[in-house]
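Comments concern the structure below.
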Amino acid sequence: MEQSTGDRYDFKTVEAKWQQQWAHTKPYKVSSEPGRKKYYVLEMFPYPSGRIHMGHVRNYSIGDVIARYQRMRGYNVIHPMGWDAFGLPAENAALKRGIHPAAWTYDNIDYMRDQLKAMGLSYDWDRELATCDPQYYRWEQLIFQKMMEKGLVYRKKTTVNWCDSCETVLAREQVIDGCCWRCDQQVVPRTMHGWFFKITAYADELLDDLDKLTGWPEKVVTMQRNWIGKSEGLACDFPVEGRDTGITIFTTRPDTIFGVTFMSLAVEHPLIEELIAGTEHEQPVRDFIAAALLEKQRKAVDEEPEKHGIFTGAYCINPFNNERIPIFAANFVLMEYGTGAVMAVPAHDQRDYEFARKYELTIKTVIQPAGPETVDPHPDEAFVEPGVLVDSGNFTGMDSAAAGKAIIEHAAREGFGRAHITYRLRDWGVSRQRYWGAPIPVIHCDRCGIVGVPEKELPVVLPGTDSPDGSHAPLHQQEEFIRTSCPACGGPARRETDTMDTFVESSWYFARYTSPDCRTAPIDKDEARYWLPVDQYIGGVEHAILHLLYSRFFTKVLRDLGYLDIDEPFRNLLTQGMVIKDGAKMSKSKGNVVDPNDLINKYGTDTVRLFSLFAAPPERDLEWNAQGVDGASRFLNKVHRLIHAHKQCFSGNGPAAAQLDESSRLLHRKTHQTISKVTDDIESSFHFNTAISAVMELVNLASSMPGENRKIDPAIMRECLETVILLLFPMVPHFCEEMWQVTGHESTLDNAQWPVCDAKAVAEDAVTVIVQVNGKVRARLEVPAAIDDDELRKLASGDERVIKFTDGKEPKKIIVVPKKLVNIVI
RNA sequence: GCCCGGGUGGCGGAACUGGUAGACGCAAGGGACUUAAAAUCCCUCGAAGUUCUCUUCGUGCGAGUUCGAUUCUCGCCCCGGGCACCA
């Protein structure tokens, strides 16, 4: 029979015990309390793929520390969790295993919810939501309607990025290196109708408000700025010779407009067909376009195709100097950016330069570097810097900046051009041809056109979800669903069959968490006003553009629709690094996956949480190390032993002796230094790794303190151990609750206050001063902390180890850093 | 190519605004306890030299600024991430 000595911490019993208690007493359930300061902690909600992985463990451990810490700081903390539940894997699973996507999803949610509960995360589970719940997406459908009324939604026929394997359209952001972000299949262009959100209407605000995001990593802000890609310049019309039409171009370099020697059109440019029809160029140009389109489609991931072009036979006129400009079709001009037409200035643009060289076109210099005149008759690259204009009519002699302005003004006055702003950002295509998504709440009527489903008829429920064998075919194959009557005229009509991009759901879930059961509106305004914005958002950097940009957009839209009062959803953003093993991201294909379940069963969740926090600062990648987990486990056991060894000091609660012995003073000081260090590490940078190190140091000191016969003052030991428990509580909550109880405390730590550092206790009475000779460390002096510089200087130069190196020479200079260092220069 | 990160012991990582490089942990080696193992405790642990106490070198490489540089400046090398014909 095993003889329990009580020195081994029984995590299984303890963790189960506290999780049960939390399920009962719901200490993390919160409600708004106007007048009380709030704190909103949010981790990016998971897709219910089946089971949690190490990335989740890390993400939620970080979030839980912050939530528990802020509670101890007195904040009313909201910390919700839910499920990003629509999406393709559910449909794939349905195909593969014959389970309905809804059943698959809800089963996964049940399983993963248990896993999260087994981690002891302090969520307010009463706020849990799943985006595939009609009670969630009905409000999304309402928002869609309201956006439609505001003109922020439209339908258009465009060339879209199509993924054959997912059988759906992808947004531009979802195409990575020409492949689908989800399945890595090559995407292909396809022309179809689709619904779009006018995110470009908010381009300027999305850009300008980036400056407000001072709590975001600079990297993410930069990525968003580049994504929006605002450029200012001139839009200018070049009339086509002998025709009634013109070509509009956009340029950021109006100062080079006198250097235009040809025009390049995107191969998709609609004007080309008109220009070549019936001419000798018709066939060759058509062939060229066909080849270019094919090449574009096949384009390998990072190869930059060679620049080709072909003359269309047509000319246009530069309105500034009436020069005749040949028009080319070129494979490097993007139809999707600007106007699909580029004025080519080979002297001052590298691409145009290469093109001109290849086809032996004129290169006309119109910008010279400022300063002493330089002549470069045959440059081998374009001069792309700003400079001084030459050979540019009335604008000759002006500098680039001034000339740019003057040229735009001139064009505007003459009526053939205007100042213009172009964005790289494009509208957000939200149509998906998939089953498992929120239906777009629209009806097509032959007589009335497109009609929104009336508010009282929402939600448009996804058909087939009421029974396990309901059809989960894409909606365009579900005739029963499609057939309906027009809400306007009552005549026969057809429902829209596209569902929404799942990024729509995740663009506003953080707001719904503030009032997840609201039956009258997407968001209860009072609740939102109290809780929003999110104070700390935590997730992977892979969402730096997609999810975070869409959420910012939605926040502004919801504000303009009157649902929210905020401009930005996330005040502070922490992007955590990946969990890697053997130098590579954990993935099934690499076979280096560590299953959190196994670890939690073996070590307990507190140990796993502790290690994931200790092994690296959150923003960095975390290298998983099984032996490191042993270390974390060992540490908790050490604390457990230490507390049991000193249990008697909790029996009284008398004050410390007025005159403390040396060891007690040392421990008291270290205790308060640790409070200060841990608080600072969490507050300033979430560097839990160094916070944990600091607590380890304190524990090491306490364990090494003299035993039975020469006891530490019990009040001081009690203070130390209570501090250890309090400081560790946000990271290892089950363990700490148990220790708190074992040491005789009646209340739980959920109501505990974060310890406060006593500045008086922290002050050292002796300091170590470094003595250097010529910058090299030669001695260390233990001196009273109150020592002044003169005395220090004297002490240092008199030290025998120093004299050995000064060699009797007179010092040139003595540098004294008070209470820290003396450097004697000879 | 451009824009961000990052290169520190065998490993993960510390080092506040320039001031003891390597905290804390892991691994390794030695020892104690034990019939034995586990657990625990103690010692060593950047390199070389060494009179065992020190000395020299050492934070990707090369310069520079400084009394003093992991930290600041310039130039390069390597690794990771993002963007990439944006007119």
Side-chain angles (χ1 to χ4, degrees), chain A residues 5 7-8 176-177 217-223 225-227 229-231 233-234 249-253 256 264 266 299 302 304-307 330-334 336-345 348-352 354-355 422-425 541-542 544-545 577-578 580 583 585 610-611 614-617 619-632 634-635 637-638 641 677 680 684 687 689-697 699-700 703-704 768-780 801 804 811-817 820-826:
Chain A
T5 53
D7 66 359
R8 195 82 194 149
I176 295 154
D177 292 336
E218 190 54 42
K219 175 169 80 163
V220 175
V221 171
T222 305
M223 282 164 77
R225 183 168 287 125
N226 292 341
W227 190 263
K230 179 177 183 173
S231 11
L234 165 73
I249 58 93
F250 171 73
T251 180
T252 54
R253 292 294 303 275
T256 64
S264 308
K299 186 174 77 172
D302 48 12
E304 194 168 301
E306 206 189 324
K307 292 167 182 49
N331 68 341
F332 63 86
V333 179
L334 304 173
E336 315 81 62
Y337 183 78
T339 59
V342 182
M343 65 175 212
V345 186
H348 306 296
D349 179 281
Q350 190 56 28
R351 274 162 318 178
D352 296 344
E354 287 166 28
F355 193 86
T422 297
Y423 299 90
R424 208 185 92 101
L425 179 71
V541 72
E542 64 272 19
I545 296 172
M578 289 184 303
I580 58 176
K585 186 182 175 165
L610 186 67
F611 175 72
F614 177 65
E619 70 278 4
R620 260 211 254 185
D621 285 350
L622 184 155
E623 171 78 31
W624 195 262
N625 175 351
Q627 284 156 334
V629 185
D630 282 321
R634 220 174 287 161
F635 172 67
N637 275 300
K638 186 172 185 173
R641 267 195 315 279
K677 168 76 175 155
D680 189 59
S684 67
H687 279 188
N689 57 331
T690 48
I692 294 166
S693 298
V695 180
M696 285 174 168
E697 285 187 46
V699 168
N700 287 347
S703 332
S704 69
T768 308
V769 170
I770 300 307
V771 185
Q772 299 180 328
V773 179
N774 286 341
K776 287 193 173 169
V777 180
R778 296 304 178 189
R780 276 147 235 239
R801 290 162 296 188
K804 207 167 115 194
K812 276 198 202 113
K813 202 193 227 182
I814 299 180
I815 287 137
V816 179
V817 181
K820 259 193 166 162
L821 175 137
V822 179
N823 187 10
I824 300 169
V825 186
I826 52 163

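Here is how names work: the chains are called A, B, and so on, in the same order as the sequence lines, proteins then strands, and each is numbered from 1.
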Heavy-atom closest contact (A:T252 atom, A:S231 atom, distance): CG2-CB, 3.7 Å
Is A:R801 touching bases, backbone alone, or none of the nucleic acid, heavy atoms closer than 4.0 Å? nothing
Taking only residues two or more places apart in sequence, or in another chain, which ones meet A:D349 in a side chain to side chain donor-acceptor pair (under 3.5 Å)? A:R351
Taking all atoms of both residues into account, what is the closest heavy-atom pair of A:P617 and A:N689, and its distance? CD-ND2, 3.4 Å
Within the pair A:R424 and B:A84, is there a side-chain N or O less than 4.0 Å away from OP1 or OP2? yes
Of all the choices, B:A84, B:G19, B:U20, which nucleotide is nearest to the side chain of A:K820 once you look at every atom? B:G19
Side chain of A:K776 (C-beta onward), nearest among B:U20, B:A14, B:C57: B:C57
According to ring pair (Phe, Tyr, Trp, His ring centres under 6.0 Å), who are the partners of A:F355, at least two apart in sequence or on a separate chain? A:F262, A:F328, A:F332, A:Y359
Could I get the full list of side chain to side chain contact (heavy atoms under 4.5 Å, CB included) partners for A:N625, not counting sequence neighbours? A:F611, A:Q627
Base, sugar-phosphate alone, or nothing: which one does A:Q772 contact when heavy atoms must sit under 4.0 Å apart? base
Interatomic distance at P, B:U20 relative to B:G68, whole Å: 15 Å
When you measure from the side chain of A:N823, which nucleotide among B:C67, B:C86, B:G13 comes out closest? B:C67
Residue list, side chain to side chain contact (heavy atoms under 4.5 Å, CB included) with A:I815, at least two apart or on another chain: A:K813, A:N823, A:V825
With nearest nucleotide decided by heavy atoms, which residue, A:A341 or A:G775, maps closer to the 5′ end of RNA chain B? A:G775
So which nucleotide from B:G19, B:G12, B:C86 ends up closest to the side chain of A:R351? B:C86
Check whether any side-chain nitrogen or oxygen of A:R778 sits under 4.0 Å from OP1 or OP2 of B:U55, and answer yes or no. yes
Taking only side-chain nitrogens and oxygens of A:S231, does any of them come within less than 4.0 Å of OP1 or OP2 of B:A87? yes
Sugar-phosphate only, base, or nothing, as touched by A:V342 at under 4.0 Å among non-hydrogen atoms: base
Could you check whether A:V333 gets within reach of a base, just the sugar-phosphate, or nothing at all, counting any heavy atom under 4.0 Å? base
Is there a side-chain contact between A:K219 and the phosphate of B:G5, meaning an N or O under 4.0 Å from OP1 or OP2? no
Hey, does the side chain of A:R641 come within less than 4.0 Å of B:C41's phosphate (OP1/OP2), counting only N and O? yes
Picking from B:C67, B:C3, B:G13, the nucleotide nearest the side-chain atoms of A:R620 would be B:G13
Interatomic distance at P, B:C33 relative to B:U51, whole Å: 33 Å
Mind checking if A:D621 touches a base, just sugar-phosphate, or nothing, with heavy atoms under 4.0 Å? sugar-phosphate
What does the 5'-to-3' dot-bracket notation of RNA chain B look like when only Watson-Crick and G-U wobble pairs under 3.5 Å count, and pairs to other strands show as |? (((((((..(((......[....))).(((((.......))))).((((....))))..(((((..]....))))))))))))....
Do any side-chain atoms of residues 772-779 of chain A form donor-acceptor pairs under 3.5 angstrom with protein atoms, and if so which ones, sequence neighbours left out?
| from | atom 1 | to | atom 2 | distance (Å) |
| --- | --- | --- | --- | --- |
| A:N774 | OD1 | A:I826 | N | 3.0 |

What is the per-nucleotide protein-contact pattern of nucleotides 22-33 of chain B, from the 5' end, where B denotes a base atom under 4.0 Å from a protein heavy atom, S denotes such proximity for sugar-phosphate atoms only, and - denotes neither? -BBSSS------
A:E697: side chain to side chain contact (heavy atoms under 4.5 Å, CB included) partners, not counting sequence neighbours: A:K670
Could you pull out all residues at least two apart from A:A694 that satisfy side chain to side chain contact (heavy atoms under 4.5 Å, CB included)? A:T674, A:K677, A:V678
Considering all heavy atoms of both residues, which atom of A:T256 and which atom of A:H348 are nearest to each other, and what is their separation? CG2-CB, 4.1 Å
B:G9, syn or anti by chi within 90 degrees of zero: syn
Of A:L821 and A:N226, the one whose closest RNA chain B nucleotide lies more 5': A:N226
